[in-house]
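Per chain, numbering begins at 1; letters A, B, ... match sequence-line order.
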There are 2 protein chains.
Amino acid sequence: MDKSGYRILLVDDEEDILEILSFNLDREGYQVFTATNGQEALEVAARQQPHLILLDVMMPEMDGMETCGELRKLPGMEKTIIVFLTARGEDYSQIAGFDAGADDYLVKPVKMKVLLKRVEVLLRRREQVPKKSPGAADRSSGSIVLDRDRYLVIRKGEKLAFPRKEFELLALLLSWPGKVFSREEIFDKVWGNEVIVGDRTLDVHIRKIREKLGPGYIHTVKGVGYKLEEKED
Amino acid sequence: MDKSGYRILLVDDEEDILEILSFNLDREGYQVFTATNGQEALEVAARQQPHLILLDVMMPEMDGMETCGELRKLPGMEKTIIVFLTARGEDYSQIAGFDAGADDYLVKPVKMKVLLKRVEVLLRRREQVPKKSPGAADRSSGSIVLDRDRYLVIRKGEKLAFPRKEFELLALLLSWPGKVFSREEIFDKVWGNEVIVGDRTLDVHIRKIREKLGPGYIHTVKGVGYKLEEKED
DNA sequence: TAAATTTTCATTAATTTTTCCTGAACTGTA
DNA sequence: TACAGTTCAGGAAAAATTAATGAAAATTTA
């Protein structure tokens, strides 16, 4: 990940903390900005348009949550990642529960390694630019996308309704396109290790999925299992 | 298998589960350690250097996948076996996919017997150290590569589908390019010592492989066995 | 209760695995 | 060199395994 393309805003009333965080994030390659209070945070944020904001909850005058609410109102800041920094012992229910609009929160004291990792993960998640690594096992699928909330399978924009078992099965295959999943593995992951169903059951589900997706997606590897692959033969 | 030589780390935020797993694994003879959150897991792992880590995906603060990523970064932990414990219905693409770096995952509820078996198998698998012959070609260096996950044989970038027996046979030969495998050895490794098949069976499989790979790969050493070699005559 | 979903079952189909037979290549020997 | 005795390759096909299919029963859901 090229970190130099990311702007991070740190907001804390303690200069010491700002300095430590700043030092470490800077060393990682991020562009770092700081603010020591809510008001300042809003100004810097508006000007710099950071990708991620680390916000201390406990601050005088305008606290983290209020600042967060204000930040969210700024143009282009609706999707900025806002992470709360909170001291241990503060009321989690208040922090985790409220809808001030934070994306995540960290409990102080935070190990720097953890914080850096979290920042990285959050940025990457928001990045959502699925790159293709040539040659390597590409686990992001091409034309098939799952909508787990609605139990929909979207293939080339077309929405297909899938019943639960079929959906779960497809989801499993899709979780690693190309990988051959053995029957055992499929039963284990889709049905669970409690339930025991006949071998033909799986065949039938595979057939149903094939009927909906059309041919060329699910391939049988006789004696081994099934795999999903879009391009191949 | 002497289980007392293995250290297993259990990570789950639910104490009950930890207790049950701990009890059972302990009874099997493993050395068991526990942690109730990702942070603790990292600390214990760093100190105890476990051989296998059972990691619940759903945990507060730092979830299993994130923890996994962190664990992988610890020194000497690159090859530790990490197994995810996941509830059925969770997004497979999140669990199996992504580069969290898990070796396997189990779906809850897991039968204890299943879990113990899986642990045993995984530990044993990791035990086998692939032997290298000094002068021989490395299996990855040649133009033939096996992709076990996809069950494909890749020869000069070209993907070839191999049926099971042929795949296993080729895998054996490829495990030590240049070495001559005796018929006896091949039958033992590929068919297992219980199954008894005629001598001609092997010839036929070799022929099939030759048909697919083309000549120049598998060489017959009359009266001794077969070997795979890419360069020689 | 009807509709949809999931599972089973009997058959059929396809592929894989194995056997068998013929002949070529090689080995050692008279 | 010619002769038996092995050992393996190649063609063809039987045997066995495994999966696809059609239809229907069982189960769950709406």
Scan B:K165 against the nucleic acid and name what it touches under 4.0 Å (heavy atoms): base, sugar-phosphate only, or nothing. sugar-phosphate

Answer yes or no: does a side-chain N or O of [X] lie under 4.0 Å from OP1 or OP2 of [N]?
| X | N | answer |
| --- | --- | --- |
| A:T220 | D:dA19 | no |
| A:Y226 | D:dA20 | yes |
| A:W191 | C:dT7 | yes |
| A:T201 | C:dT8 | yes |
| B:R164 | D:dT18 | yes |

Please report the distance, rounded to the nearest Å, between [atom1] in [X] and [atom2] in [N].
| X | N | atom1 | atom2 | result |
| --- | --- | --- | --- | --- |
| B:I218 | D:dA9 | CD1 | P | 10 Å |
| A:H205 | D:dG22 | NE2 | P | 17 Å |
| A:E166 | D:dT29 | CD | P | 15 Å |
| B:I209 | C:dT16 | CD1 | C1' | 13 Å |
| B:L202 | D:dG10 | CG | C1' | 15 Å |
| B:E184 | D:dT7 | CD | P | 14 Å |
| A:E168 | C:dT6 | CD | P | 10 Å |
| A:D199 | C:dT6 | CG | C1' | 16 Å |

Taking atom OH of B:Y30 and atom CG of B:L10, what is their separation to the nearest 0.5 Å? 11.5 Å

Return the nearest nucleotide to the side chain of [X]; candidates are [options].
| X | options | value |
| --- | --- | --- |
| A:R207 | D:dG10, D:dA23, C:dT6 | D:dA23 |
| A:K222 | C:dT8, D:dT7, D:dT18 | D:dT18 |
| B:K208 | C:dT8, C:dT17, D:dG11 | C:dT17 |

Stacked cation flag A:K179 on A:F181, 6.0 angstrom / 45 deg: yes

cation_pi(A:K227, B:Y151) dist<6.0 Å, angle<=45: no

Between the side chains of B:T80 and B:R7, is a donor N or O closer than 3.5 angstrom to an acceptor N or O?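 No, no side-chain donor-acceptor contact under 3.5 Å.
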
Spell out yes or no: do the side chain of B:R210 and the base of D:dG10 have one donor N/O and one acceptor N/O closer than 3.5 Å?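 Flag unset: no donor-acceptor pair detected.
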
Do NZ/NE/NH1/NH2 and the carboxylate oxygens of B:K3 and B:E120 come within less than 4.0 Å? yes

